[in-house]
Amino acid sequence: MKRNLLIIIVLLSCSYARQTFAQQTATTAKKEISLQHGAHRLGRRNDADMARWRAYGLGQFIHWGLYSIPGGEWNGKIYNGAAEWIRTWKEVSPQAYDSLIYRFNPIKFNPDSWAAVAGRMGVKYVTITTKHHDGFCLWPSKYTNFTVAHSPYKKDIIGPLVKAYNKQGIDVILYFSIMDWHNPDWRYDIKTRDDSIAFNRFKQFTRNQLLELLTRYPTAKGLWFDGTWDNSWVKQAAFADSLETEMRKLRPGLIIGSRFRADEYGKRHFDSNGNLMGDYEQGWERKIPEKIEDVHGNDWDCVMTIPENQWGYAKTWSGHIKTADELLEMLAKCVSLDGNFVLNFGPKPDGTLRTEEQTLAKAIGDWMTVNKEAIYNGEYAGFAKQDWGYFIKNTGTNKTYMVIFNVPVSGLLRVTTPLHTVINKAYDLGNLTQTYTPEEIGTSTYFIHLHQQTPKKPFVIVLETGETGKSHGTGYEKAKT
Ligand code: FHN
């Protein structure tokens, strides 16, 4: 009797365990949804245009438009938000804001001098606001009067800028906001038939403007989309998908980030199956991933402001203003995790760059002159992260670069190489004759003993590495715990 009871208990618990396991498997197994407007490609793009984008390392963002005129100030009051959003402030009437077009006259705008500043800073690409959320176009669009052509300045800004930057060897990406506060057909959501009719007109307007930009500026390498989060646009999966196809057909090789379109379930950046939509992830705005797992093997860029959150020109910068060393650290961190770092500039209404930005550009450029080999063509190196800074592998030189920001008081820099990798040579990038003999302290682990005089600025040590045979016995015994 007792034996039978035992058998029944064992059988019941087995069946319970099986059931729970089945339930767990059902919830953890990823169910692929069939999508018409999800990601059309899995994994990274491997063509020459994308390889060029991936190698940039450092970029410049430019936010310029009508908002630079008030510069975050309206009738003597300071707006607390980002200067380019001032049109939405209760103190500002949209009509008064839109009338700023009659004051847009940047007579000191000299695209060659902007491009020279960027070139000296070491940027490889610039992303320029062709149209921000306010709807004002920096090119003479045929499809609206709210453009430079109707301002006292009258001339195109984008064309000369593209030409000047390209002359410096800098690629151009066109920023474009889908959300357009000026256009009467723009809607945040589509709730009525009238909304739908108006938004259909808006979609055609958007298509016209995008095709116009791509046709007018054929050397532009890509589009950087913004203002795509509202329901009205999120609901346009089919339209946006077909427009993307059309743009790619018009300009093969075009690079488009993950902010452009949603899938049919309204999922943005990553589709309902978790796959990246677009050529690179555009979610890293004013933040940087911590570790390589955070980027899921995707391309990405980080766009960063110098103050906490000002993109357009703000007369007064408040709060913490980032220093050149902080920005360099962000740059190194991004590149070490397979991303590009894009630093924002908000030019003044007269067309000149603010002094603080020029000073930072110069400081970054001075550092880049010596250390650019660690940044361009840089990628994740596969070394264990250390507190002193970042490892970056250069795909061109095949060397690994240690970008050092925090020197430990011991003067010892720990290096843990990937398995079967040995260090053959170590030397300063800024002074090739300054060499180091790494001390091997464990399996794939070394100390680099810094010399007495370490620079006050971030500096770079180059590692030339080689492979050991798989049978290489290290002689280091692991602790038995
Ligand atoms: O709202 C904008 C903001 O003004 C700025 O243009 C940034 C740049 O990435 N993008 C938006 C917020 O994501």
Side-chain angles (χ1 to χ4, degrees), residues 56 58-74 79-89 92 94 97 100 123 125-138 157-158 172-183 186 188 206 209 213 222-234 255-262 268-270 277-289 299-315 317-319 322 327 330-331 334 339-347 349 357:
Y56 291 148
L58 178 60
Q60 179 188 34
F61 211 154
I62 296 178
H63 276 71
W64 201 35
L66 295 185
Y67 42 79
S68 69
I69 300 171
E73 198 182 304
W74 201 265
Y79 174 52
N80 267 335
E84 70 282 1
W85 276 75
I86 201 166
R87 190 185 189 272
T88 63
W89 193 22
V92 179
Y97 180 91
L100 290 172
V123 315
Y125 72 126
V126 64
T127 304
I128 169 81
T129 49
T130 58
K131 173 175 100 161
H132 201 259
H133 310 330
D134 65 1
F136 179 67
C137 304
L138 287 185
I157 297 280
I158 302 298
V172 178
I173 306 273
L174 305 174
Y175 167 108
F176 185 91
S177 170
I178 297 285
M179 175 165 75
D180 184 325
W181 298 325
H182 177 79
N183 190 312
W186 163 255
Y188 291 93
T206 300
Q209 286 209 317
L213 278 171
L223 292 165
W224 203 99
F225 285 102
D226 207 358
T228 53
W229 47 76
D230 286 302
N231 273 341
S232 51
W233 183 254
V234 170
I255 294 169
I256 298 178
S258 65
R259 281 195 197 190
F260 180 53
R261 61 182 180 89
R268 301 175 60 240
H269 294 284
F270 295 90
M277 314 230 315
D279 302 320
Y280 64 98
E281 193 193 343
Q282 263 184 296
W284 300 100
E285 176 169 323
R286 294 188 293 121
K287 61 182 181 202
I288 301 176
D299 285 307
W300 59 278
D301 73 359
C302 160
V303 291
M304 187 56 72
T305 46
I306 296 170
E308 170 54 22
N309 184 24
Q310 292 294 349
W311 298 90
Y313 172 69
K315 288 179 194 160
W317 272 354
S318 57
K322 297 174 189 79
L327 295 167
M330 291 177 173
L331 164 66
C334 288
N340 288 329
F341 179 72
V342 186
L343 184 63
N344 182 68
F345 286 64
E357 290 174 349

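The analysis underlying the following values was restricted to heavy atoms, covering all of them including side chains, and did not include hydrogens, waters or symmetry mates. Source: prediction; values computed, not measured. Just so you know, ligand 1 is whichever comes first in the structure, and atom 1 is the first atom listed for that ligand.
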Worksheet, complete the sentence: For V303, the atoms of ligand 1 under 4.0 Å from one of its heavy atoms are 9 (O)
Worksheet item: Which of the listed options, E285, Q282, Q310, holds the heavy atom that is closest to atom 12 (C) of ligand 1?
Response: E285
Worksheet item: Atoms of ligand 1 less than 4.0 Å from W85 heavy atoms?
Response: 1 (O), 2 (C), 3 (C), 4 (O)
Worksheet item: Is the shortest N/O to N/O distance between E84 and ligand 1 below 3.5 Å?
Response: yes
Item to complete: Determine, using ring centers only, whether H133 and W229 are less than 6.0 Å apart.
Response: yes
Response to the item:
Of M304, R259, H63, H133, the one whose closest heavy atom lies nearest atom 5 (C) of ligand 1 is H63
Fill in: Whether W224 lies under 4.0 Å from ligand 1, heavy atom
yes
Worksheet item: Do Y175 and D226 meet the criterion of a side-chain donor-acceptor pair at a distance under 3.5 Å?
Response: yes
Practice prompt. Identify, for atom 11 (C) of ligand 1, the protein heavy atom at the shortest distance, and state residue, atom and that distance.
Written response: D226 OD2, 2.9 Å
Worksheet item: H132 and Y67: aromatic ring centres closer than 6.0 Å?
Response: yes
Practice prompt. Show which atoms of ligand 1 fall inside a sub-4.0 Å distance from at least one heavy-atom site of Y175.
Written response: 6 (O)
Discussion item. Name the residue from F225, W224, F176 that meets the ring pair (Phe, Tyr, Trp, His ring centres under 6.0 Å) definition with F260.
Written reply: F225
Discussion item. Centroid separation under 6.0 Å, is that true for the rings of Y97 and W181?
Written reply: no
Discussion item. Taking E285 first and then R259, would you say they form a salt bridge - that is, a charged N and a carboxylate O separated by under 4.0 Å?
Written reply: yes
